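Given the structure is predicted, the values throughout are model-derived calculations rather than measurements. No hydrogens, no waters, no symmetry mates; every other heavy atom, side chains included, goes into these values.
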Amino acid sequence: MKRRSLRHHFLPLMMLIVVMMIVVLFVYHAQVTAYLTDLTLEENTRLSRIYTREVDAQLASISSWLEARLANSEAAAAFTGQDEALRLDAKRELMALLDEGASLYPMIEAAFIIPPEPGETLMVPGASMDIEQYQTLMGSVEVISDFGRGLSETWSGVCVADGWNSFCALIDVGNVKVGALVSPQGLLDATPFLEEDRKHFALTKHNGFVLLTNLPASYGENIDLTGGLSGYYRTGDNGDILVCGAETEMGPFRLMMVVSEEEMLAGLRWMRWVMVLLIIVAAGIMAAMMFSLKRYILKPLDKTLKAIENYGQGQKVTLAVDKGDACEFAEIYHAFNTMTTQIEHLRIANYEETIRKQKAELRFYQTQIRPHFMLNCLTTIHNLALTGNLDKLQAFTQAFSGFARTMFRADSAPVTVAQELQQVEYYISMQSIRLEDRVFCACQADAAARTATLPAMLIQTLVENCVKHGADAEGQVSIFVTCVLADRTLTVTVEDNGEGFSEAALQAVNTASASGFGLKNMCATLELLYGKAATLTAQNVPGAGSRVTVTIPQN
């Protein structure tokens with residue numbers, strides 16, 4: 001498996017960090033933008049409701065005052081009477097009342113009284129009206145007198161002249177109608193919040209007809225002012241104009257608060273520049289980190305790896321500390337140089353140890369490749385073939401195949417307890433067929449012990465020793481194998497029901513001087529692989545047979 005270098009590990013990681021920083025910045029910007037949009041429009045909606053309540057309050061006050069003043073005056077009835085003298089006095093009184101209302105409410109452009117029958121309509125203009133505006137108002141009042149008698153007492157929007165729109169209401173007081181034309185600008189002047197808050201607004205009818213607005217030309221002309229007021233909506237040529245608002249209660253009007261997205265987010269321009277600056281800084285940091293990684297880590301590592309490679313090829317190598325090398329690498333160089341020196345001193349001793357190990361391994365292989373065992377197996381196969389016992393022949397050859405696969409393997413590396421017990425199972429299967437089911441073997445190992453390691457063929461050699469010495473006797477050969485792992489030590493116990501060891505054999509086994517080929521080489525193998533940490537002891541169990549115990553460290 002080809003391993004990746006540190007460059008391939010760190011470069012994607014650094015790029016990922018930079019990308020994550022950029023993503024976090026953009027997500028943060030989007031969240032701030034959404035929050036600011038919601039906050040601004042929520043504030044605009046709140047303000048529009050406040051403004052509409054102020055407009056409703058002003059219109060309601062004008063209606064109430066006109067109705068109350070005329071209802072308490074007898075001049076309204078006299079004005080429509082037949083007595084000319086009384087009519088003139090009533091006219092003067094009513095004109096005085098209308099003039100009082102126009103003076104009290106500066107937003108009134110004209111206050112007027114319409115008799116029930118077509119006739120003389122009384123009108124008083126607002127204080128700020130000039131003669132030309134007065135004539136225009138007179139024309140509008142005459143039109144209202146002729147065609148607007150059916151107007152309701154709620155306020156409506158009327159067009160006085162081109163570009164001149166007003167609020168209008170007619171109120172029945174006795175047998176006359178009293179009305180007023182109110183300037184939208186005058187109403188909003190009495191509600192100074194819009195100018196103080198510097199908001200853009202549009203005062204419209206429900207159908208979108210604009211009565212008053214201060215929208216700048218930069219917003220464009222395609223602005224929809226008829227949308228729903230449950231929230232805000234987008235409009236404009238590019239969909240970047242946001243509109244919200246509220247409706248009045250005194251008439252079919254709505255006050256729409258309008259803001260462009262560009263103006264609303266103008267305060268966040270600095271954030272975009274900060275994001276660009278942070279991205280540049282992150283890229284610079286990544287470049288600096290890559291340079292530092294190459295100069296102070298990768299270059300010394302390459303130097304060390306090259307030295308290790310050359311040393312592995314038999315070259316004499318010494319690592320020198322360069323200017324700028326970190327103190328940690330200086331210590332590594334020193335440790336490497338010390339190690340190579342020690343290795344040189346140990347080579348001769350290691351060579352001699354290798355020779356001894358090779359001889360021990362040769363003896364170990366010789367204990368596995370046993371001519372008499374192979375001969376017995378081939379003889380058994382031959383006899384089974386002659387007798388035509390194909391079932392046993394098939395079972396024997398399958399067990400022999402599995403057994404031989406481990407016996408003839410190319411290396412001598414340790415195996416797991418599970419693998420060794422499988423080898424024992426193959427061996428017992430062959431011996432049960434050869435000895436007519438006189439061999440019984442029970443193996444017990446917990447889950448932890450089954451993963452422990454031990455020299456190959458160790459348990460099989462002990463079991464084979466039991467079979468070999470018990471097969472000559474009559475009766476059943478019973479073998480019990482137990483494997484336990486505790487405190488990082490594997491304990492293997494093999495017991496049988498044979499006659500046991502002689503005293504001389506016990507002493508020879510327990511003093512590692514056994515003359516038997518199998519046990520002798522097993523002791524040598526344990527000594528070679530584990531030194532004094534591994535033990536092999538034998539004992540006789542009165543009335544039960546023999547017991548061999550092997551302990552193997554698992555460090």
Side-chain angles (χ1 to χ4, degrees), residues 21-56 59 155-157 159 162-163 165-167 184-185 187-189 191-279:
M21 288 178 59
I22 294 173
V23 171
V24 168
L25 289 174
F26 276 104
V27 171
Y28 177 73
H29 181 268
Q31 292 291 333
V32 171
T33 300
Y35 173 76
L36 183 60
T37 300
D38 292 340
L39 187 65
T40 301
L41 294 173
E42 181 180 349
E43 177 67 11
N44 282 353
T45 301
R46 185 184 68 84
L47 291 176
S48 65
R49 290 171 181 166
I50 294 175
Y51 303 153
T52 53
R53 285 198 295 269
E54 291 292 330
V55 169
D56 284 336
L59 293 177
W155 292 83
S156 303
C159 180
D162 188 20
N165 302 306
S166 299
F167 292 112
Q185 184 64 57
L187 278 176
L188 295 179
D189 288 342
T191 308
F193 307 109
L194 285 173
E195 293 298 327
E196 293 177 3
D197 295 331
R198 301 181 183 275
K199 301 293 185 180
H200 293 141
F201 66 92
L203 187 59
T204 71
K205 293 184 178 181
H206 283 178
N207 60 4
F209 179 77
V210 178
L211 298 173
L212 180 67
T213 184
N214 66 349
L215 299 182
S218 59
Y219 282 13
E221 298 181 356
N222 297 324
I223 298 179
D224 179 18
L225 298 174
T226 62
L229 299 181
S230 58
Y232 70 88
Y233 62 91
R234 291 178 175 270
T235 183
D237 297 330
N238 301 317
D240 58 346
I241 304 298
L242 292 88
V243 182
C244 61
E247 294 183 348
T248 64
E249 296 180 358
M250 296 301 295
F253 312 114
R254 47 171 49 183
L255 181 61
M256 312 299 286
M257 308 299 291
V258 186
V259 62
S260 71
E261 198 168 37
E262 181 180 1
E263 292 176 349
M264 183 176 60
L265 302 179
L268 295 181
R269 290 174 182 169
W270 64 270
M271 182 178 290
R272 295 170 185 164
W273 287 107
V274 169
M275 289 175 59
V276 173
L277 179 61
L278 288 177
I279 292 172

| task | Can you see which heavy atom on Asp224 is nearest to which on Val243, and at what distance? | result | O-CG2, 4.3 Å
| request: Applying side chain to side chain contact (heavy atoms under 4.5 Å, CB included) between Asn238 and each of Thr235, Ile241, Asp240, report the one that passes. | output: Asp240
| query | Can you tell me how far OG1 of Thr52 sits from CG of Leu255, rounded to the nearest 0.5 angstrom? | reply | 6.5 Å
| request: Start with the C-alpha gap between Phe167 and Leu187, add the side-chain angles, then the distance that decides, and say whether side chain to side chain contact (heavy atoms under 4.5 Å, CB included) holds. | output: CA-CA 10 Å; Phe167 292 112; Leu187 278 176; 3.4 Å; yes
| query | Are the side chain of Arg49 and the backbone N or O of Asn44 linked by a donor-acceptor pair below 3.5 Å? | reply | no
| remark: Closest heavy-atom pair, Lys205 versus Arg254, reported as atoms and distance to 0.1 Å, is O-CG, 4.0 Å
| said: What's the separation between atom CG in Leu225 and atom CG in Asn207, rounded to the nearest 0.5 Å? | reply: 10.5 Å
| request: State which residues pass ring pair (Phe, Tyr, Trp, His ring centres under 6.0 Å) with Tyr219; sequence neighbours excluded, sorted by chain then number. | output: His200
| request: Give a yes or no on whether Phe209 atom CZ has more than 12 heavy-atom contacts from other residues, nucleotides or ligands under 6.0 Å away. | output: yes
| field | Heavy-atom pair with the smallest gap, counting every atom of Ala202 and Leu215 | value | CB-CD1, 4.5 Å
| note | Nearest heavy-atom contact between Phe201 and Thr213 is O-OG1, 2.8 Å
| field | Ser48 to Met257 - nearest heavy-atom pair and separation | value | CB-CG, 3.5 Å
| message | Counting neighbours of CD on Glu42 that are heavy atoms of other residues, nucleotides or ligands and sit closer than 6.0 Å, is the number greater than 12? | response | no
| request: Hey, could you give me the CG/OG distance between Leu211 and Ser166, rounded to the nearest 0.5 Å? | output: 8.5 Å
Throw together a table of side-chain donor-acceptor distances under 3.5 angstrom for residues 246-253, partners on residues two or more places apart or in other chains.
{"from": "Thr248", "atom 1": "OG1", "to": "Gly251", "atom 2": "O", "distance (Å)": "2.8"}
{"from": "Thr248", "atom 1": "OG1", "to": "Phe253", "atom 2": "O", "distance (Å)": "3.4"}

| remark: Note: Cys244 and Gly231 closest approach over all heavy atoms is CB-O, 4.1 Å
| said: Please report the interatomic distance OG1(Thr40) to CD(Glu261), rounded to the nearest 0.5 Å. | reply: 10.5 Å
| said: With a 3.5 Å distance limit and no angle check, can you tell me whether Tyr233 reaches the backbone of Gly227 through a side-chain donor-acceptor pair? | reply: yes
